[in-house]
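Note sheet for the following structure.
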Amino acid sequence: QGSDGSRIQLNTASAVDLRYSADQRLLTLVRGEVSLDSNANDNRPFRIDTRVGPLGTQGGQLLLRENDQGLLLAVRRGEVTLFPSSASPRLVRSGEVLQVSPSGTYQAAALHGDPWGWTEGVLSVQRMPLGEFVAELSRYRPGLLRCAPGVADLRVSGTYQLADTEQILLLLARSLPVRVDYRTRYWVSIEAA
């Protein structure tokens, strides 16, 4: 929780820098993913610096995730201004999810899951390719978790509890034509059954 009453939650392998002054609140996304529920009762503007550019909000609830295409921005409540100091700022409203490129272009994001799930301890997906699912799951599990190319396009749907990644692997083996091979506890491969 920030000193202003805002709620800030970091995902795995993530870091932010917070700086508050008398006239502004500033969060810099250093790396990874952050969920921010900014305190609307604080009158100072809330600025967020990212590698694709700045954002601003007053009382918004938003999620930011760095990815290979730049930055995923999801707004759950309130409004967020993308590039507030530019000649053409973009107002992002509640319910919108945008993919913003490093050059500043943006488009509605096509997702295979709920980007907010991790904030509630779950991985919630809809027809997500198994390779993408395994890459996401590996963020919450120590060691190496691999998916064989031959099964990477199988589709996964459901809501999985991140606190028990072993159970998730068992469920995958039961619901898909795959087997889970353990070389060691920390070296796991998902192969065709």
Side-chain angles (χ1 to χ4, degrees), residues 1-128 132-133 135-137 139-140 159-163:
Q1 181 150 329
S3 62
D4 66 331
S6 294
R7 292 189 62 234
I8 298 164
Q9 196 173 351
L10 296 175
N11 203 346
T12 61
S14 299
V16 296
D17 182 33
L18 282 174
R19 296 200 180 161
Y20 292 174
S21 67
D23 57 346
Q24 140 173 301
R25 298 173 286 170
L26 173 65
L27 180 148
T28 302
L29 178 60
V30 177
R31 70 177 170 280
E33 186 169 17
V34 63
S35 164
L36 167 67
D37 189 352
S38 73
N39 180 2
N41 296 322
D42 190 314
N43 291 327
R44 294 174 292 176
F46 206 124
R47 179 183 158 135
I48 302 119
D49 281 345
T50 73
R51 66 180 174 159
V52 302
L55 297 89
T57 189
Q58 189 62 44
Q61 184 178 10
L62 61 137
L63 182 133
L64 301 169
R65 179 178 185 169
E66 290 183 329
N67 57 28
D68 293 341
Q69 297 83 43
L71 184 78
L72 181 78
L73 165 63
V75 179
R76 187 179 258 178
R77 189 193 72 244
E79 297 175 339
V80 175
T81 307
L82 187 57
F83 315 125
S85 54
S86 73
S88 55
R90 163 69 153 88
L91 198 61
V92 186
R93 300 185 195 290
S94 179
E96 283 191 272
V97 182
L98 296 182
Q99 179 64 52
V100 186
S101 76
S103 66
T105 60
Y106 50 82
Q107 63 185 28
L111 300 177
H112 292 290
D114 176 8
W116 298 91
W118 66 269
T119 65
E120 291 146 16
V122 298
L123 185 53
S124 185
V125 300
Q126 186 92 27
R127 297 198 41 77
M128 180 180 274
E132 190 179 324
F133 181 84
E136 190 63 26
L137 182 61
R139 295 181 69 174
Y140 306 96
T159 299
Y160 302 88
Q161 297 294 322
L162 290 170

Please report the closest heavy-atom contact between [X] and [Y], naming both atoms and the distance.
X	Y	value
Ser101	Ser103	OG-OG, 2.9 Å
Leu10	Ala15	CD1-CA, 4.4 Å
Ser94	Arg76	OG-O, 2.8 Å
Pro89	Thr81	CB-CG2, 3.8 Å
Gly70	Gln99	N-NE2, 3.7 Å
Asn67	Arg51	O-NH2, 2.7 Å

[X] versus [Y]: any side-chain heavy-atom pair under 4.5 Å?
X	Y	result
Gln107	Leu98	no
Val125	Glu132	no
Leu29	Leu71	yes
Phe83	Pro54	yes
Gln126	His112	no
Trp118	Arg139	no

### Message
Can you tell me how the ring of Tyr20 sits relative to the ring of Phe46, calling it parallel under 30°, perpendicular over 60° and tilted otherwise?
### Response
perpendicular
Distance-only, no hydrogens or angles: does the [X] side chain make a donor-acceptor pair with backbone N or O of [Y] under 3.5 Å?
X	Y	answer
Ser38	Gln58	yes
Glu96	Arg93	yes
Glu79	Gly59	no
Ser86	Pro84	no
Asp17	Thr28	no

### Task
Applying side-chain contact (heavy atoms from CB on, under 4.5 Å), run through Thr50 and Leu73 and close with a yes or a no.
CA-CA 11 Å; Thr50 73; Leu73 165 63; over 6 Å; no
Taking atom [atom1] of [X] and atom [atom2] of [Y], what is their separation to the nearest 0.5 Å?
X	Y	atom1	atom2	answer
Leu27	Leu18	CG	CG	5.0 Å
Thr119	Glu33	OG1	CD	9.0 Å
Leu26	Arg44	CG	CZ	11.5 Å
Asn41	Asp4	CG	CG	10.5 Å

### Message
Taking side-chain contact (heavy atoms from CB on, under 4.5 Å) as the criterion, tell me which of Asp37, Leu36, Thr57 meets it with Ser6.
### Response
Leu36
### Query
What pairs with Tyr160 under ring-ring contact (aromatic ring centres under 6.0 Å, His included), at least two apart in sequence or on another chain?
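Only Phe133 meet the ring-ring contact (aromatic ring centres under 6.0 Å, His included) criterion with Tyr160.
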### Query
Partners of Glu136 by side-chain hydrogen bond (donor to acceptor under 3.5 Å, both in side chains), sequence neighbours excluded?
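Once residues adjacent in sequence are excluded, the partners of Glu136 under the side-chain hydrogen bond (donor to acceptor under 3.5 Å, both in side chains) criterion are Arg65.
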### Query
side-chain contact (heavy atoms from CB on, under 4.5 Å) between Leu62 and Ile48: does it pass, once the steps are laid out?
CA-CA 11 Å; Leu62 61 137; Ile48 302 119; 4.2 Å; yes
